[in-house]
Engineer: 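One structure coming up, written as structure tokens, with questions to follow.
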Amino acid sequence: MNSSVSFFSLNVRGLRDHFKRRVVFCYLEGVGFDFCFLQEVHLRDGGDVCRFKREWDKGESFWGIGGVHSTGVGILCGHREVKIENTFVIMQGRVLGIDVKFREARYRLIGVYGPQVAADRREMVDCLAPLCVTNRHLVIGGDFNIDLGVGGDSSAGAISGLMACHGLVDGGLHTTPAMVGPTWRNSRGVARRLDYIFVSRSLGQLSGRLLPVFFTDHDGVFLQVGSPVCLFGRGYWKLDRDILEEQAFVDAFFCFFRRLDGLRSMCEGVLEWWDLVKGRIRAFIIGYCRRKKREERREVDRIQRLIELEYEAGNLGGSIDWERFAALKAQLRELQEQKARAFLERAHSGFLEHKDTCSAMFFKSVRARQSRKVMQGVREENGSIVSKPEEMVRVTTDHFQGLFKEREIDVEQGNVFLEHLSRRLPEDIRDVMEAQISLEEVESALRRMGKGKVPGMDGLPAYFYLKFWGILGPVVLKVLKAILETGVPGGSMAVGVLSLLYKKGEATDLGNWRPLTMLCVDYKILAKVLADRLRTALPYVVHKDQTCGVEGRSIRWNLQLIRDSIAWVEDRGLPLMVAALDQAKAFHRVNRYFLFRVLGRLGFGEKFIGWIRTLYVGAGCRVSVNSHLGDVFDLSSGVRQGCPLSALLFVLYMEPLGAAIRADTGVEGLLIPGSGGLRVKMTQYADDTSLLLCKDSCLTRSLAIFGDFTRASGAVLNHAKSSVKFFGRWRGRTDVPWGLSLCEGALRILGVHFETSGSATLNWNMRIAVV
């Protein structure tokens, strides 16, 4: 089967005449398109719509009533196999759209007839913007009544901005040869390119041609696109938070939830019952939303019909109530913007403020962030690049399954590092940490969670739990206690969704994508309760060199120490090298056996360690590539980025390395003036380790210690991204031991750049430039 799809756009200059309509329809049958956009069809009323629909018998057709002698648009389907999923109009007689499924691909098709006045065209672009928010392939075709190549007014910039914001390309410019010739001519010899078909970048290779037509002064634009690439999947279900503000839903949910208690007799315990309940809650909400969507569609159809009646009244010689007409248009646009906002909420745009205006800047900011999550292709180990969704999911799953596999470590070498841990958790603190969790503790953890975060596989966000905490709170407490008692988390709680965020570099290299784990809120509540307890213990067992996650400490300590050290050696002419060490996939390579041994050595109780271990029992993950989900695979190593506990556990995992470097006499740090002989060797913030050394041998010894730590814990130093910069007496040195990179410009640590002088000015100028 031919997988290409063809589109045709034509301004017909009127179709109300029966004979001309027959001629036009016969011509269109010969073009052989899959979808066709028509402009200036001059429909008068509902009777015309019925006649047009009846006479075009090749497939479905949709029509927008406009003025008798000026507007009106239509979209024709060239096949009966097209499945229509939705229709919408936002500017009567000007903008008409349909959602269709054709050959296993989903499209949003929007037909446009642009106003002749620039201000009205800008209004049209504003109306188009919410309709462009979709995960379907987007195609916009029609007569825009402006030559974008010539420009001439602000509407041209608005149209170009719309294309940029929503990933559209001009189909005519992307064909070979490009269709850049005029599409409209008048009797005075004026010629302009007014007719366009804009398509999503995902629609593959383009080809097309301009077709002269004898019954209108416009040429037809024919565009054929190849097989769609980078199709978006359906993802997994997530609750639309807006329904939580509807009193009707709240009342219905209370009644529904009370009936779920009867399911307890069907289950072996509270954990099995809770997983069953979450499934029933999901089904209830989906059913409610479907009924609501049907009602919304009926409301859109009702408003649309009222607008059409106003047009019909004017077309039949009556008067149009322009004030009522404007109010109806505003209602219709508001409904479309609400749909766009709901889509963005589901697509993880939690940074949006609820009252943000759907302006061009609004959509541009959304597009910029969303583009960081779209994968166009993935490179396999053999170097080939795959772009089909199922292949990208397979390659990505294999990559991260390998990344999270357990690696062999040297237990005896681990014992050496554990011997350097001299601090112990006080017994009274340990007893408090192992006390039974309370409802107040659980509620406090929930209320401090981010309200706009994307939920895990069950689709229930934190705001859902807050809304119904009165009835859910006691249930959640029983569930969490049962998990801690049995040592086994619930089914949905054990599986996370790995969402990928592009960082920098080659986009096809999976190493340049940062994985974030979407976890169920009930799991995160338990993790946050344990994290709150763990945070109280860190000051007792973590050295002050480490500032991440420890109450009373700040990342500014690290930056101030480095800044002042550089200033001191530059002023006194002392030797100093600052080595910024980078770890490869630091959070993913954590060996849990070594981590739990560290916790035991630091004095944490067996019960608390067992609770932490519980969160990793049966832990699994599914990758999400453009909303296509892969199969579940085991997480045998690492801590989850997205779990409240992860950063704190990683800090403890890194403590033996810091202790070993501090205890080693072969590593001499910078002598702190006025300290009575105190030397500082390093500063740490999670996996960022910066060494402050005054001898070459000290760097050699530090890296040797890190090599031993690699064998003991699984951590790996990334030599390519670890760099050294010399200051003071050593300024200008170019030799770097152990193959680390020499930093010739400013040294970047924790997002701040350090130079021999002028660091403050350098950093502020960079920030100002960004602003």
Side-chain angles (χ1 to χ4, degrees), residues 402-425 538 541-543 545-546 548 579-604 606 609-610 612-613 616 634-639 645-669 681-693 695-722 724 737-740:
L403 185 62
F404 287 109
K405 70 178 181 182
E406 187 175 11
R407 295 168 177 82
E408 186 177 350
I409 60 172
D410 186 334
V411 176
E412 292 301 321
Q413 187 67 63
N415 292 335
V416 175
F417 278 90
L418 294 180
E419 287 296 325
H420 291 297
L421 297 176
S422 58
R423 300 185 176 206
R424 296 292 184 274
L425 188 67
L538 290 188
V541 295
V542 176
H543 192 274
D545 285 346
Q546 175 69 258
C548 177
L581 305 184
D582 182 85
Q583 294 185 45
K585 308 298 180 185
F587 276 58
H588 312 322
R589 299 185 64 93
V590 171
N591 182 281
R592 295 176 195 154
Y593 175 74
F594 180 76
L595 170 64
F596 295 137
R597 291 185 69 199
V598 171
L599 293 177
R601 176 71 179 184
L602 293 174
F604 289 90
E606 284 299 320
I609 296 176
I612 300 294
R613 199 188 305 269
Y616 290 96
D634 293 334
L635 293 177
S636 302
S637 73
V639 290
L645 268 168
S646 293
L648 307 183
L649 292 176
F650 188 84
V651 163
L652 294 171
Y653 166 79
M654 289 293 293
E655 188 61 16
L657 173 65
I661 291 177
R662 284 187 292 269
D664 196 291
T665 56
V667 180
E668 295 182 19
K681 301 180 180 182
M682 65 189 304
T683 178
Q684 291 179 292
Y685 188 86
D687 59 317
D688 285 288
T689 299
S690 300
L691 302 176
L692 304 171
L693 308 173
K695 293 181 180 180
D696 290 353
S697 60
C698 296
L699 178 60
T700 302
R701 180 58 191 153
S702 299
L703 295 179
I705 294 173
F706 202 109
D708 293 338
F709 187 68
T710 295
R711 292 188 292 276
S713 68
V716 172
L717 182 66
N718 188 341
H719 282 78
K721 292 186 178 180
S722 298
V724 173
W738 273 63
L740 299 187

Engineer: Does any non-hydrogen side-chain atom of Val667 lie less than 4.5 Å from one of Met682?
Structural biologist: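 A side-chain contact is absent here, since even the closest heavy-atom pair is not under 4.5 Å.
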
Engineer: Among residues at least two apart in sequence or on other chains, which ones pass side chain to side chain contact (heavy atoms under 4.5 Å, CB included) with Ser697?
Structural biologist: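 Ser697 satisfies side chain to side chain contact (heavy atoms under 4.5 Å, CB included) with Lys695 once adjacent residues are dropped.
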
Engineer: Roughly how far, to the nearest 0.5 Å, is CG of Leu581 from CG of Asn718?
Structural biologist: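 It comes to 10.5 Å.
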
Engineer: Heavy atoms, side chains only, cut-off 4.5 Å: are Phe587 and Ser646 in contact?
Structural biologist: yes

Engineer: Would a distance-only check, ignoring hydrogens and angles, find a side-chain to backbone donor-acceptor pair under 3.5 Å from Arg407 to Asn591?
Structural biologist: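 The answer is no, because no donor-acceptor pair under 3.5 Å joins these two groups.
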
Engineer: Which pair of non-hydrogen atoms, one from Val542 and one from Glu655, has the smallest distance, and what is that distance?
Structural biologist: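 Shortest heavy-atom separation between Val542 and Glu655 comes out as CG1-OE1, 3.6 Å.
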
Engineer: Between atom CG of Leu403 and atom OG of Ser636, what is the distance when rounded to the nearest 0.5 Å?
Structural biologist: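 Answer for the CG-OG pair, Leu403 versus Ser636, is 11.5 Å.
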
Engineer: For a quick test of reading the model, state the closest non-hydrogen atom pair linking Asp664 to Ile705 and the distance between them.
Structural biologist: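 For Asp664 versus Ile705, the nearest heavy atoms are OD2-CD1, 3.6 Å.
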
Engineer: Measure the spacing between CZ of Phe604 and CD1 of Ile612 and express it to the nearest 0.5 Å.
Structural biologist: 8.5 Å

Engineer: So which atom in Asp582 and which in Leu717 form the shortest heavy-atom distance, rounded to 0.1 Å?
Structural biologist: O-CD1, 3.3 Å

Engineer: CG of Leu740 to CG of Leu703: how many Å apart, nearest 0.5 Å?
Structural biologist: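 Atom-to-atom, Leu740:CG and Leu703:CG are 5.5 Å apart.
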
Engineer: Could you tell me the separation between the CZ atom of Arg589 and the CD atom of Gln583, rounded to the nearest 0.5 Å?
Structural biologist: 9.5 Å

Engineer: Just by distance, do the side chain of Ser637 and the backbone of Lys405 share a donor-acceptor pair under 3.5 Å?
Structural biologist: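 Yes, the answer is positive, given that a donor and an acceptor are paired below the 3.5 Å cut-off.
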
Engineer: Do Gln684 and His543 touch side chain to side chain, with heavy atoms closer than 4.5 Å?
Structural biologist: no

Engineer: Who pairs with Glu419 by side chain to side chain contact (heavy atoms under 4.5 Å, CB included), at least two apart in sequence or on another chain?
Structural biologist: Arg601

Engineer: Nearest 0.5 Å, what's the CG-CG distance between Leu425 and Leu538?
Structural biologist: 9.5 Å

Engineer: If you define the side chain from C-beta out and look only at heavy atoms, does anything of Leu649 sit under 4.5 Å from Val590?
Structural biologist: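 Heavy-atom side-chain distance check fails, nothing below 4.5 Å.
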
Engineer: Once you measure the plane-to-plane angle for Tyr653 and Phe650, does it fall in the parallel (<30°), tilted (30-60°) or perpendicular (>60°) bin?
Structural biologist: tilted

Engineer: Decide, yes or no, whether a salt bridge links Glu606 with Arg613 under the criterion of side-chain N to carboxylate O below 4.0 Å.
Structural biologist: no

Engineer: Please check this pair: side chain of Lys681 against backbone of Ser702, looking for a donor-acceptor N/O pair closer than 3.5 Å.
Structural biologist: no

Engineer: Looking only at non-hydrogen atoms, find the nearest pair between Ile409 and Ser713 and report the distance.
Structural biologist: CG2-C, 3.9 Å

Engineer: Can you find a heavy atom in the side chain of Val411 that is under 4.5 Å from one in the side chain of Tyr593?
Structural biologist: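 The answer is yes, as the side chains (C-beta and beyond) meet within the 4.5 Å cut-off.
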
Engineer: Please report the shortest heavy-atom distance between Ala579 and Val724, naming the atom on each side.
Structural biologist: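 That would be CB-CG2, 3.9 Å.
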
Engineer: Would you call Asp545 and Ile661 a side-chain contact if the rule is heavy atoms closer than 4.5 Å?
Structural biologist: no

Engineer: Less than 4.5 Å apart, side chain to side chain, heavy atoms only: is that true for Leu657 and Phe706?
Structural biologist: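 A side-chain contact exists here, since the closest heavy-atom pair is under 4.5 Å.
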
Engineer: Got a donor-acceptor contact below 3.5 angstrom from the Gln546 side chain to the Thr683 backbone?
Structural biologist: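 Answer holds: no.
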
Engineer: Minimum heavy-atom separation for Thr710 to Ala715, with atom names?
Structural biologist: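 Taking every non-hydrogen atom into account, OG1-O, 2.7 Å.
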
Engineer: Quick one: which residue pairs count as a salt bridge (Lys or Arg N to Asp or Glu O under 4.0 Å) with a foot in residues 709-721, not counting sequence neighbours?
Structural biologist: Asp708-Arg711

Engineer: Given 3.5 Å as the limit, does a donor-acceptor pair link the side chain of Glu668 with the main chain of Cys698, or not?
Structural biologist: no

Engineer: Kindly determine whether Arg592 and Leu635 satisfy side chain to side chain contact (heavy atoms under 4.5 Å, CB included), including the steps that lead there.
Structural biologist: CA-CA 11 Å; Arg592 295 176 195 154; Leu635 293 177; 3.7 Å; yes

Engineer: Less than 4.5 Å apart, any side-chain heavy atom of Val598 and any of Leu421?
Structural biologist: yes

